[in-house]
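Below: one structure, written as structure tokens.
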Amino acid sequence: MGMNSMRFKLALLSSVLLAACGGGEPTSTQDDGVGGNTGTITVRIEEVGGIFVEGFEVGLRFETGDGEVIATTLWSDFVNSQPDGDFYTSVLEQPVPAGDVVVLASANVGIGPPPEVPDVDGDLRCRLPVTVTVGGTAAIEVTFDDPDNCLRLV
């Protein structure tokens, strides 16, 4: 088997595995271009003054004001897709259409067993409506104090 043939097979296997595993990037279901009328929502984790020994997981969903899904991701998938990703300091940048956007999330901390993985397509406990201007950025922080109120503007 030649070297080029082996590289091709490895590249093909990698693309199949990435497709099967979701690739780690936020999954967009809407054209991010929207005629150039876009802004950005950034999401970061609050400073916790240490680490969660059992870990944590955050499920995020971005929707238009009309409830159309823009993108979904798990925090671990986002962080693992970054070259130098860190669970506590990484900042997700999600392009969104300008206007009213709703960010939904569930933030789970592992206590004993690992954290429960939120269903990004299902019910997420926290809801934060945000208005994003054309070319503007809305900064959001995920907190762990109140499971039903885990998002705040910063």
Side-chain angles (χ1 to χ4, degrees), residues 14-111 113-154:
S14 295
S15 64
V16 168
L17 288 174
L18 280 174
C21 296
E25 293 290 329
T27 304
S28 180
T29 57
Q30 179 177 4
D31 177 13
D32 291 337
V34 192
N37 294 325
T38 64
T40 303
I41 293 179
T42 61
V43 181
R44 69 178 189 211
I45 301 299
E46 73 174 328
E47 284 189 36
V48 293
I51 63 168
F52 296 114
V53 175
E54 296 87 2
F56 70 90
E57 183 64 273
V58 177
L60 293 162
R61 184 169 64 238
F62 302 85
E63 297 180 352
T64 65
D66 296 333
E68 184 178 339
V69 176
I70 299 165
T72 63
T73 193
L74 292 172
W75 192 255
S76 59
D77 288 345
F78 158 67
V79 171
N80 290 328
S81 74
Q82 304 304 299
D84 296 321
D86 178 273
F87 277 82
Y88 295 93
T89 60
S90 293
V91 177
L92 182 142
E93 295 183 11
Q94 177 61 52
V96 296
D100 294 331
V101 175
V102 177
V103 181
L104 299 128
S106 284
N108 299 327
V109 176
I111 301 174
E116 179 182 328
V117 177
D119 177 6
V120 295
D121 296 320
D123 291 332
L124 298 173
R125 295 185 302 261
C126 307
R127 177 183 177 85
L128 183 65
V130 179
T131 300
V132 180
T133 60
V134 174
T137 299
I140 295 177
E141 188 171 67
V142 176
T143 67
F144 297 98
D145 298 333
D146 181 353
D148 294 324
N149 190 22
C150 64
L151 297 172
R152 65 177 171 220
L153 284 172
V154 289

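Note that the structure is a prediction, hence the values are computed from the model and not measured.
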request  = Grab the two heavy atoms, one from A105 and one from C150, that are nearest each other, plus how far apart they are.
outcome  = O-SG, 4.0 Å

ask   = If every non-hydrogen atom of R61 is compared with every non-hydrogen atom of D121, which pair is closest and at what distance?
value = NH1-C, 3.5 Å

request  = Write down the atom of I70, the atom of T64, and the distance for their closest heavy-atom approach.
outcome  = CD1-N, 3.7 Å

query = Taking atom CG of N149 and atom OG1 of T143, what is their separation to the nearest 0.5 Å?
reply = 6.5 Å

ask   = With distance as the sole test, does N108 use its side chain to make a donor-acceptor pair with the main-chain N or O of E116 at under 3.5 Å?
value = yes

inquiry  = With side chain to side chain contact (heavy atoms under 4.5 Å, CB included) as the criterion, how do V103 and Q94 come out once you've worked through the C-alpha distance, each side chain's angles and the decisive distance to 0.1 Å?
reply    = CA-CA 11 Å; V103 181; Q94 177 61 52; over 6 Å; no

Minimum-distance pair of heavy atoms, taken over all atoms of V48 and F144 = CG1-CD1, 4.1 Å

request  = Output all residues satisfying side chain to side chain contact (heavy atoms under 4.5 Å, CB included) with V134, sequence neighbours left out; order by chain, then residue number.
outcome  = N37, A98

Derivation of the side chain to side chain contact (heavy atoms under 4.5 Å, CB included) call for F87 and F52 = CA-CA 10 Å; F87 277 82; F52 296 114; over 6 Å; no

CA sep, side-chain torsions, deciding dist, call: E54, V109, side chain to side chain contact (heavy atoms under 4.5 Å, CB included) = CA-CA 7 Å; E54 296 87 2; V109 176; 5.5 Å; no

request  = Decide yes or no for L151 and V142: does some side-chain heavy atom of the first lie under 4.5 Å from some side-chain heavy atom of the second?
outcome  = yes

ask   = Say you draw a straight line from OG1 of T131 to CG of L153; how long is it, rounded to the nearest 0.5 Å?
value = 9.5 Å

request  = Report the residues that fulfil side chain to side chain contact (heavy atoms under 4.5 Å, CB included) with T133, sequence neighbours left out, ordered by chain and then residue number.
outcome  = none

key: Residue pair P147 / C126: nearest heavy atoms and the distance that separates them   = O-SG, 3.2 Å

remark   = Rounding to 0.5 Å, atoms CG (D148) and CZ (R125) come to a distance of 6.5 Å

ask   = Atom CD1 in I41, atom CZ in F62: separation rounded to 0.5 Å?
value = 6.0 Å

task = Give, for atom CD of E141 and atom CD of E47, the distance between the pair rounded to the nearest 0.5 Å.
result = 8.0 Å

note = In this structure, OG1 of T72 is separated from CG of L60 (nearest 0.5 Å) by 9.0 Å

ask   = What closest approach, in Å, do G59 and P118 show between heavy atoms, and which atom pair accounts for it?
value = N-CG, 3.5 Å

message = Quick check on D146: does its CG atom have over 12 non-hydrogen neighbours (other residues, nucleotides or ligands) under 6.0 Å away?
response = yes

Minimum side-chain heavy-atom gap V58-F78 below 4.5 Å = no

task = For atom CG of D86, decide whether the heavy atoms of other residues, nucleotides or ligands shown that lie under 6.0 angstrom number more than 12.
result = yes

